[in-house]
Novice: 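Structure in structure tokens, see below.
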Amino acid sequence: MKKVIFSISLIVFGLNQAKTINDSLYISNNYHNKILFNGCDACGCAAGNGSSGFESLLNPQFIGVKYFSQHYKAKENLFVNDLTQDQYFNTIQLWGKIPLTQKLSVYASLPFHFHQKKTLQGDININGIGDFNLMGIYKLINSKDNAHELNGGVGVKVPLGKFDEKGISGVNPSFQLGTGSWDYQAVLNYRFQKNKVAVLLNTDYTVKTENKKHYQFGNQWNYSATGFYQIFGNENSIVSAKAGLQGEVYDRNRQYKENLPKTAGSALYGKFGFETSFKKLSLGTELMLPTYTNLAGGDIEAKSRFSLFVNFGI
């Protein structure tokens, strides 16, 4: 089944690899030339269990709300080979992007997590505020015809979310509200656009430091390629579809400077979604299904992800 999903993902991505990014907030008489870059939401489940990736937004200024959910299967105990434990990571975040100059903008997000894992002894739930993300984004290249654009950024993650030392003893030490550490991000985003089609390439890397409990989550690399196609567009509204691939690579966690076994891994997802906008209001949704997953030495398997956002231009 995974091979089938992987094949479909590649085919859909190939068909869409020149799709438009005219699928979000800001619409004017020349909205085809208003494509901007938005920062990443790395570490979507607080401690590095996943990323919701980048969003492509047309409005140079916005505030919004985004919901992001992840589902994993994990091994409940060492004596059972089956992955029986369902783990659900859910996040609602406030986010925004404000330009400071023509080339420089600031992106920020504040998440609220409510996570759950189902064990033989009963459900375990944690909820609360997560880590605050702040990033500066700079437009490095923008061609005269606006067909090519390259943006880069650096950011910091402020440890506002609670880190529970007891949580690292489980199969998934990322079952946390936060890393408890100051983490640092670097991002690159390339966009190609022609008429109603566009391609968006993203990559980001997060360096995670040791927290006060002498625990350090592994560094994380995310990458994605997304194609967009504008289905409908006029002076006031836009409807577009998107499809592509997104991958993630996790380094090993460390405790007291020692590498921990079965904490590294990688995963690759196929993703499909739609975005629509009316004047300054924008709505988007995305479904991600794994084509490859190798997390925690096989003790954790990625199942699915879903996101939904509502933004308003300011």
Novice: Do Q246 and L268 have side chains that get closer than 4.5 Å, going by heavy atoms?
Specialist: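 Q246 vs L268: side chains apart.
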Novice: Between the main-chain N or O of T179 and the side-chain N or O of D131, is there a donor-acceptor pair closer than 3.5 Å?
Specialist: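 Checked: pair present.
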Novice: For the pair Q87 (side chain) and H71 (backbone), establish whether a donor and an acceptor sit closer than 3.5 Å, ignoring hydrogens and angles.
Specialist: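 Judged by distance alone, no pair lies under 3.5 Å.
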Novice: Go through D204 and Q185 one step at a time and tell me if the side-chain hydrogen bond (donor to acceptor under 3.5 Å, both in side chains) criterion holds.
Specialist: CA-CA 7 Å; D204 69 86; Q185 301 169 337; 5.9 Å; no
Novice: Transitively linked via ILVMFWY side-chain contacts under 4.5 Å: I129 with V156?
Specialist: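 Cluster IDs for I129 and V156 match.
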Novice: Please check if the side chain of R252 supplies one atom and the backbone of E258 the other of a donor-acceptor pair under 3.5 Å.
Specialist: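 No, the answer is negative, given that no donor and acceptor are paired below the 3.5 Å cut-off.
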Novice: Give, for atom CD of Q102 and atom CG of N142, the distance between the pair rounded to the nearest 0.5 Å.
Specialist: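 Output value for this atom pair is 9.0 Å.
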Novice: For this output row, return yes or no: ring centroids of F62 and W95 closer than 6.0 angstrom.
Specialist: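 Ring-ring flag for F62/W95: true, centres closer than 6.0 Å.
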Novice: Could you tell me whether the side chain of T293 and the main chain of A302 form a donor-acceptor pair under 3.5 Å?
Specialist: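 Yes.
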Novice: State, to 0.1 Å, how close K66 and S307 come at their nearest heavy-atom pair, and which atoms those are.
Specialist: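 Shortest heavy-atom contact: CE-CB, 3.9 Å.
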Novice: Using the rule given for side chain to side chain contact (heavy atoms under 4.5 Å, CB included), can you reason through Y292 versus S266, listing the C-alpha separation, both sets of side-chain angles and the distance that settles it, and then say yes or no?
Specialist: CA-CA 8 Å; Y292 167 81; S266 59; 3.4 Å; yes
Novice: Would you say Y72 and Q85 make side-chain contact, with heavy atoms under 4.5 Å?
Specialist: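 No, too far: nothing below the 4.5 Å cut-off.
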Novice: Can you tell me how far apart CZ (F163) and CD (E165) are? Round to the nearest 0.5 Å.
Specialist: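 Reported value, rounded in 0.5 Å steps: 6.5 Å.
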Novice: Begin with the C-alpha distance, continue with both residues' side-chain angles, and end with the deciding distance and a verdict on salt bridge (charged side-chain N to carboxylate O under 4.0 Å, His left out) for E248 and R305.
Specialist: CA-CA 13 Å; E248 297 161 1; R305 294 180 183 174; 2.6 Å; yes
Novice: Side-chain donor-acceptor pair under 3.5 Å between Y67 and N90, yes or no?
Specialist: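 Y67 vs N90: donor-acceptor pair found between side chains.
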Novice: State, with a plain yes or no, whether a side-chain heavy atom of N219 is found less than 4.5 Å away from one of Y250.
Specialist: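 Contact flag for N219/Y250 side chains = no.
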Novice: Let me see the working for T119 and I124 under side chain to side chain contact (heavy atoms under 4.5 Å, CB included), right down to the final yes or no.
Specialist: CA-CA 7 Å; T119 71; I124 299 177; 4.1 Å; yes
Novice: Apply salt bridge (charged side-chain N to carboxylate O under 4.0 Å, His left out) to the pair K242 and E275, showing each step before the final yes or no.
Specialist: CA-CA 8 Å; K242 59 181 178 179; E275 295 183 23; 2.9 Å; yes
Novice: Determine the interplanar angle of the F192 and H148 rings, folded into 0 to 90°, and report it as parallel if under 30°, tilted if 30 to 60°, perpendicular if over 60°.
Specialist: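 Judged by the thresholds at 30° and 60°, the geometry between F192 and H148 is tilted.
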Novice: What pair of heavy atoms forms the shortest contact from D145 to S143, and how long is it?
Specialist: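 Closest heavy-atom pair between D145 and S143: OD1-OG, 2.7 Å.
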Novice: Indicate whether the side chain of K75 and that of T84 have a donor and an acceptor atom separated by less than 3.5 Å.
Specialist: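 Note: K75 and T84 side chains miss the donor-acceptor criterion.
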Novice: Of all heavy-atom pairs between F274 and A241, which one has the smallest distance, and what is that distance?
Specialist: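 Closest heavy-atom pair between F274 and A241: CE2-CB, 3.6 Å.
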Novice: Output yes when a side-chain donor or acceptor of N211 lies under 3.5 Å from a complementary backbone atom of K213, and no otherwise.
Specialist: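 Answer holds: yes.
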Novice: Dump the intermediate steps for salt bridge (charged side-chain N to carboxylate O under 4.0 Å, His left out) on K118 and D123, then the final yes or no.
Specialist: CA-CA 4 Å; K118 297 180 177 294; D123 296 350; 3.3 Å; yes
Novice: Could you verify whether a donor N or O on one side chain and an acceptor N or O on the other, from Q216 and K208, lie under 3.5 Å apart?
Specialist: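 The answer is no; no qualifying pair exists.
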Novice: Aromatic contact between Y184 and W182, with the criterion being ring centroids under 6.0 Å apart: yes or no?
Specialist: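 They do not qualify: ring centres at least 6.0 Å apart.
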Novice: Minimum heavy-atom separation for A74 to V171, with atom names?
Specialist: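 Where A74 meets V171 most closely, the heavy atoms are CB-CG1, 4.1 Å.
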Novice: Does T203 offer a backbone N or O that forms a donor-acceptor pair with the side chain of N222 under 3.5 Å?
Specialist: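 Absent.
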Novice: Taking L150 as the starting point, is it possible to reach L201 by hopping between hydrophobic residues whose side chains are less than 4.5 Å apart?
Specialist: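 Yes, L201 and L150 fall within the same hydrophobic cluster.
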Novice: Can you confirm whether N127 sits close enough to F112 that some side-chain heavy atom of one is under 4.5 Å from a side-chain heavy atom of the other?
Specialist: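 Touching, per the 4.5 Å side-chain cut-off.
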Novice: Can you see which heavy atom on F278 is nearest to which on S237, and at what distance?
Specialist: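 In terms of heavy atoms, the two residues are closest at CD1-CB, 4.2 Å.
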Novice: For the atom pair CG (L245) and OG1 (T291), what is the distance rounded to the nearest 0.5 Å?
Specialist: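 Spacing of CG (L245) from OG1 (T291) equals 6.5 Å.
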Novice: Treating T263 as the side-chain partner and A296 as the backbone partner, does any N or O pair qualify as donor plus acceptor under 3.5 Å?
Specialist: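 Pair absent, no side-chain N/O of T263 close to backbone of A296.
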Novice: Applying a strict under-4.5 Å side-chain criterion to I, L, V, M, F, W and Y, I'd like to know whether L289 and L83 cluster together.
Specialist: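 No; tracing contacts between hydrophobic side chains, which count when under 4.5 Å, never links both residues.
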Novice: Taking side-chain contact (heavy atoms from CB on, under 4.5 Å) as the definition, give me every residue that meets it alongside Q255, ordered by chain and number, with sequence neighbours left out.
Specialist: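 Q255 satisfies side-chain contact (heavy atoms from CB on, under 4.5 Å) with I168, Y215, L260 only.
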Novice: N202 vs N189, test: side-chain hydrogen bond (donor to acceptor under 3.5 Å, both in side chains). Steps then yes/no.
Specialist: CA-CA 5 Å; N202 300 291; N189 163 269; 2.4 Å; yes
Novice: Starting at OG of S282, measure out to CZ of F312 and round the result to the nearest 0.5 Å.
Specialist: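 Reported value, rounded in 0.5 Å steps: 11.5 Å.
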Novice: Measure the OG1-CD distance between T91 and Q70 for me, rounded to the nearest 0.5 Å.
Specialist: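 Output value for this atom pair is 7.0 Å.
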Novice: To the nearest 0.5 angstrom, please state how far the CG atom of N133 sits from the OG atom of S109.
Specialist: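 So the CG of N133 and the OG of S109 are separated by 4.0 Å.
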Novice: Does the side chain to side chain contact (heavy atoms under 4.5 Å, CB included) test come out yes or no for T285 and F306, once each step is laid out?
Specialist: CA-CA 7 Å; T285 184; F306 174 77; 3.1 Å; yes
Novice: Contact between Y107 and I98 at the side-chain level, heavy atoms closer than 4.5 Å - yes or no?
Specialist: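 Y107 vs I98: side chains apart.
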Novice: What is the ring orientation for H115 with F89, classed by angle as parallel under 30°, tilted 30 to 60°, or perpendicular over 60°?
Specialist: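 Ring orientation, 0 to 90° scale: tilted.
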Novice: Can you tell if the side chain of L283 reaches within under 4.5 Å of the side chain of L308, non-hydrogen atoms only?
Specialist: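 Side chain of L283 against side chain of L308, heavy atoms only: contact under 4.5 Å found.
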Novice: Cation-pi check for F175 against K117: NZ or CZ below 6.0 Å from the six-membered ring centre and within 45 degrees of the axis, yes or no?
Specialist: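 Relative to the ring axis of F175, which defines the angle, K117 lies inside both limits.
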Novice: Salt bridge (charged side-chain N to carboxylate O under 4.0 Å, His left out), that's the test. Do K73 and E301 meet it? Break it down for me.
Specialist: CA-CA 5 Å; K73 279 279 191 180; E301 180 182 2; over 6 Å; no
Novice: In the single-linkage hydrophobic clustering (I, L, V, M, F, W, Y; side-chain heavy atoms under 4.5 Å), do Y190 and Y138 co-cluster?
Specialist: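 In one cluster: yes.
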Novice: Which residues pass the side-chain hydrogen bond (donor to acceptor under 3.5 Å, both in side chains) test with K303, not counting sequence neighbours?
Specialist: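 Counting only residues at least two positions away or on another chain, K303 forms no side-chain hydrogen bond (donor to acceptor under 3.5 Å, both in side chains).
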Novice: Assess whether side chain to side chain contact (heavy atoms under 4.5 Å, CB included) is satisfied between I137 and K97, documenting all intermediate values.
Specialist: CA-CA 10 Å; I137 303 166; K97 180 170 176 287; 4.2 Å; yes
Novice: For T209, does its backbone N or O pair with a side-chain atom of D183 as donor and acceptor, under 3.5 Å?
Specialist: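 Pair found, side chain donor or acceptor close to backbone of T209.
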Novice: Which atom names give the shortest non-hydrogen contact between P99 and S105, and what distance separates them?
Specialist: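 So the two residues come closest at CA-CB, 3.7 Å.
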Novice: Could you state whether M135 and V154 fall into the same hydrophobic cluster, counting links through intermediate Ile, Leu, Val, Met, Phe, Trp or Tyr residues with side-chain heavy atoms under 4.5 angstrom apart?
Specialist: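 As far as the 4.5 Å side-chain criterion goes, V154 and M135 are not connected within one cluster.
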Novice: Would you say the side chain of T276 lies within less than 4.5 Å of the side chain of I238, judging by non-hydrogen atoms?
Specialist: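 No. Closest side-chain heavy atoms not under 4.5 Å.
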